Amino acid sequence: MSVPKGKVLPTAFFRRDTVTVTRELLGKALCRQLPDGTVRRCLLTEVEAYVGPHDKACHASRGKTARTSVMFEPGGVFYVYLCYGMHWMLNLVTEGGDYPAAVLVRGVEGISGPGRVTKQLAIGRDLNTLPIRRTSGLWVEDAGIDILDTQVERTPRIGIGYAGEFWMNEPLRFLWNTQ
DNA sequence: GGAGTGATGACA
DNA sequence: GTCATCACTCCA
């Protein structure tokens, strides 16, 4: 069963508190325009928050660099980077600007794992720094689904053991339990 | 449990 | 310039 077309989320949606945005992204539809012109819509089921310069797991916690400068942009753009030389990671930049934070897309309905999501949706470097809107070929829509807190699970983030005792345990990973 | 893979950032 | 590290995935 496919996800019906919804209203495109405005830039303002992303220019807010990162944890709030992360939680609200569950059940929203990540939409990708395919080369043949058709659109694939996938409900977001797993996301992680990287909440600012003080977050030791956030790439920008050690300052602004060529790679992380996009995270200092006002929210509503993509941060895409290559991990382990093979996997593209998709992030949605949040907050109002000059404050590095983003949401990592770890999974959508039918696709688990951040590297598999980008592979299946053909997401790569070319989307880095582009705005989150229809004309970029990748955007987010409100699918009209209301997800109750009882369906949301929070856990520590994955693969950030280097971030120190506090940040590696913060429950900044959000999962939508669809069962 | 371990390899693959290459950009990135720290350091010289 | 070198070098270690990595918000992962797949196969044994």
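A, B, ... follow the sequence lines: proteins, then strands. Residue 1 opens every chain. Worth saying up front: this structure is predicted, and the values here are computed from it rather than measured.
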Just to be sure I understand the rule, does A/Arg173 reach a base, reach only the sugar-phosphate, or reach nothing, if contact means heavy atoms closer than 4.0 Å? nothing
Using a heavy-atom cut-off of under 4.0 Å over every strand shown, decide if A/Gly85 touches base, sugar-phosphate, or nothing.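 Since a base atom lies under 4.0 Å of A/Gly85, the category is base.
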Test question: given the 4.5 Å side-chain rule for I, L, V, M, F, W and Y, name all other residues clustered with A/Val8, or answer none. A/Val39, A/Trp139
ILVMFWY clustering at 4.5 Å (side-chain atoms), partners of A/Ile160: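 Listed partners: A/Tyr50, A/Val70, A/Met71, A/Val77, A/Tyr79, A/Tyr81, A/Met89, A/Val93, A/Leu104, A/Tyr162, A/Met168.
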Please name all residues satisfying side-chain hydrogen bond (donor to acceptor under 3.5 Å, both in side chains) with A/Arg133, sequence neighbours left out, ordered by chain then number.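 For A/Arg133, the residues satisfying side-chain hydrogen bond (donor to acceptor under 3.5 Å, both in side chains) (neighbours in sequence not counted) are A/Thr135.
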By side-chain hydrogen bond (donor to acceptor under 3.5 Å, both in side chains) - contacts of A/Arg67 (at least two apart):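 Result, side-chain hydrogen bond (donor to acceptor under 3.5 Å, both in side chains) vs A/Arg67: none returned.
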Taking every non-hydrogen atom, the tightest pair across [X] and [Y]:
X	Y	answer
A/Thr18	A/Ala102	CG2-O, 3.8 Å
A/Gly63	A/Phe72	C-CZ, 4.3 Å
A/Arg41	A/Cys31	CG-SG, 3.6 Å
A/Ala143	A/Leu43	CB-CD2, 3.8 Å

What is the distance, to the nearest angstrom, from the [atom1] atom on [X] to the [atom2] atom on [N]?
X	N	atom1	atom2	value
A/Tyr79	B/dA7	OH	P	15 Å
A/Met86	B/dG6	CE	C1'	9 Å
A/Arg67	B/dA10	CZ	C1'	13 Å

Name of the residue among A/Leu44, A/Val47, A/Leu25, A/Thr45 meeting side-chain contact (heavy atoms from CB on, under 4.5 Å) with A/Trp176: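 Only match with A/Trp176 under side-chain contact (heavy atoms from CB on, under 4.5 Å): A/Thr45.
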Do A/Arg16 and A/Phe13 form a cation-pi contact, if we require the NZ or CZ to be under 6.0 Å from the six-membered ring centre and within 45 degrees of the ring's axis? yes
Of [range], the positions that come close to DNA chain C - non-hydrogen atoms, cut-off under 4.0 Å:
range	value
residues 154-164 of chain A	A/Ile158, A/Gly159, A/Ile160, A/Tyr162
residues 40-64 of chain A	A/Tyr50, A/Ala57, A/His59
residues 91-102 of chain A	A/Asn91

For A/Thr38, what residues pass the side-chain contact (heavy atoms from CB on, under 4.5 Å) criterion, not counting sequence neighbours?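 Expected list: A/Leu34, A/Asp36.
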Pairing residues for A/Asp142 by the side-chain contact (heavy atoms from CB on, under 4.5 Å) criterion, not counting sequence neighbours: A/Leu9, A/Lys28
If the condition is salt bridge (Lys or Arg N to Asp or Glu O under 4.0 Å), which residues does A/Glu73 pass it with, not counting sequence neighbours? none
Distance in Å, A/Ser61 OG paired with A/His54 NE2, rounded so as to fall on 0.5 Å steps: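 Answer for the OG-NE2 pair, A/Ser61 versus A/His54, is 10.5 Å.
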Nearest listed nucleotide, side chain of A/Thr68, among B/dG4, B/dG9, B/dT8: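 My answer, after comparing the listed nucleotides, is B/dG9.
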For DNA chain C, note the earliest and the latest nucleotide, 5' to 3', having some atom under 4.0 Å of a heavy atom belonging to chain A. C/dC6 to C/dC10
Under the rule of Watson-Crick or G-U wobble with both distances under 3.5 Å, where | means paired to another strand and [ ] a crossing pair, DNA chain B maps to ||||.||||||.
N/O donor-acceptor pair under 3.5 Å between A/Thr129 side chain and A/Phe78 backbone: no
For the pair A/Arg23 and A/Asp17, find out whether any cationic side-chain nitrogen is under 4.0 Å from an anionic carboxylate oxygen. no
